[in-house]
Q: 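Before we start, here is the structure in question, set down as C-alpha cells.
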Amino acid sequence: MEHNESRMRRIFSGVKPTGPIHLGNYLGALRNWVELQHQYESFFCIVDLHAITVSQDSQELAARTREIARLYIATGIDPKISTIFVQSDVSEHAELTWMLNCITRVGELERMTQFKDKARRQRESAGVGLFDYPVLMAADILLYQTDLVPVGEDQKQHLELTRDLAIRFNRDYGETFRVPDPFIPKVGARIMSLSDSTKKMSKSDESPNGCIELLDTAETVRRKFKRAVTDSGTEIKFDESRPAITNLLSIYQLLTGKQPEDVEAHFAGQGYAQLKNELADVTVEFLRPVQERVENISDQELDRILDDGRRRAQEIARQTLDDVKRRMGLQGALRARA
Ligand code: TYM
C-alpha cells in the first residue's frame, strides 16, 4: 500500500465500449465524474477487456473505444487533470485479475445478478470471461488504491464484491488495498428506457427508441422523446407509481439543474406533449456542444491523450501489482528488491 496519506483521494470509473454512450451513462456516471475530477485524482478508463466478454466485431470495438474516449473529453473530463486510458493498454489489469481469481469463490460470482441476467438462456455456453467479469472490475478499481467509485445503481453489487475481495486479501496477505466506497447519485442512478419504464436505458436496448445516444442527431432525439411511453393520468409530477413520467422529469431536472419542485411548477397544467417537446429541446441544447467538441478532437490529439493516460495509469498500477506479487510470494525478478 502506498503510505503517503497526504495524497489526493482517488476515483476510478469506466464505460464498456459495447455500444454508443447514452444519456443513462451520462446522467448516472459521467456527469458526476466531471464534477468530482476537481476534488479527486481521477482515472477514467475505457474498459475494452470487459467488452470482449461478449462477442465483438474487432474493428467496431477499436472504433468505439476511441469514440468513447472522445466523449469523455467532450462531456467535460479534462485530460490535463484526469487520467483517461484504455484498459487493455495496461496489462496489470489482466494480471491482477488472476491473483484475485484465486481468492474469489465460485458461489460469489454465481450470485451476481448481471451474470444471471446475461447468461440466463445459455448458461452452459456463456463464456468464462463473462462469469469472471466482476473480478476484472475489482482489479480495475483496486490497482489504483481507489477511494471512491462513481457509478450508476446497476454496478452496486459489483462494488460490494470489490470491497469483499479487498478486505479478504488484506486479511490474508496484510494491508495491501484501499477498500473503495461506491458513489451512486440520488437522482439519475437508474435512468429508464423511454420505450419501457420497467427496464433501464441500455446500450443493448432492443427498441430503437428507448435510448438517447450522445451522438444522436436533433431529429432523432425529438423522435425518440415523442414516442416515449407515458403513464395513465395527466398530471406531470414526480410519483414513484408513475415511473415513465418520473423518468422524463428526472432527465429534465438533471439537464436543467432545476429543483424538483420548480420542475413540477414549470409543468403545472401542461400536457405530456409539452413536457416531451421541452425535454427534447433541452437535450438537443445539451448535446450540441458535446457533439461539436467530439468533432474537434483530432486523431493525433487523442493518441497523445491516451498515451499519456496509459503511462500515468501504468505507473500506479505497477506499484500495486508489485506489492501484490511480493505479498503472495510471486517474487520472480522482484527477488532482489524484496
Ligand atoms: P457500463 O458501460 O454498462 O455503464 C457505464 C456507467 O453508466 C452507468 N449506467 C447508468 N446509469 C444510470 N442509468 C442507466 N440506465 C445506466 N446505464 C448505465 C453504469 O452504472 C456505469 O457507471 N461494469 C461497468 C464498467 C466498469 C467499471 C469498472 C465501472 C468496468 N470496470 C470499474 C467502475 C469501476 C459497466 O459495464 O458500465
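Each ligand, and each atom within it, is numbered from 1 in the order the structure gives. Basis for what follows: all heavy atoms, side chains included, without hydrogens, waters or symmetry-related copies.
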Q: Do any N/O atoms on E153 end up under 3.5 angstrom from N/O atoms on ligand 1?
A: no
Q: Considering only heavy atoms, which of V15, L159, N25 lies nearest to atom 9 (N) of ligand 1?
A: N25
Q: Check for me whether D140 has a heavy atom closer than 4.0 Å to any atom of ligand 1.
A: yes
Q: Does at least one non-hydrogen atom of Y133 fall below 4.0 angstrom from an atom of ligand 1?
A: yes
Q: Looking at ligand 1, does Q114 have a heavy atom less than 4.0 Å from it?
A: no
Q: Take every heavy atom of G188, measure it against each atom of ligand 1, and state whether any distance is under 4.0 Å.
A: yes
Q: Are any of the N or O atoms of K16 closer than 3.5 Å to those of ligand 1?
A: yes
Q: Would you call R222-D281 a salt bridge at under 4.0 Å N-O?
A: yes
Q: When you check the side-chain N and O atoms of Q37 and D78, is any donor under 3.5 Å from an acceptor?
A: no
Q: Purely on distance, is any nitrogen or oxygen of G152 under 3.5 Å from one on ligand 1?
A: yes
Q: Would you say K200 and ligand 1 have an N/O pair spaced under 3.5 Å apart?
A: no
Q: Is it the case that ligand 1 has an N or O less than 3.5 angstrom from some N or O of I191?
A: yes
Q: Would one find an N or O of I141, backbone or side chain, under 3.5 Å from an N or O of ligand 1?
A: no
Q: Looking only at non-hydrogen atoms, which of K199, Q155, R31 approaches atom 37 (O) of ligand 1 most closely?
A: Q155
Q: Please say which of F238, Y252, Y272 ends up in a ring-ring contact (aromatic ring centres under 6.0 Å, His included) with F267.
A: Y252
Q: Do T176 and R327 meet the criterion of a side-chain donor-acceptor pair at a distance under 3.5 Å?
A: yes
Q: Geometry only, no angles: is S13 polar-contacting ligand 1 at N/O separations under 3.5 Å?
A: no
Q: Purely on distance, is any nitrogen or oxygen of A29 under 3.5 Å from one on ligand 1?
A: no
Q: For M192, is the nearest heavy atom under 4.0 Å from an atom of ligand 1?
A: no
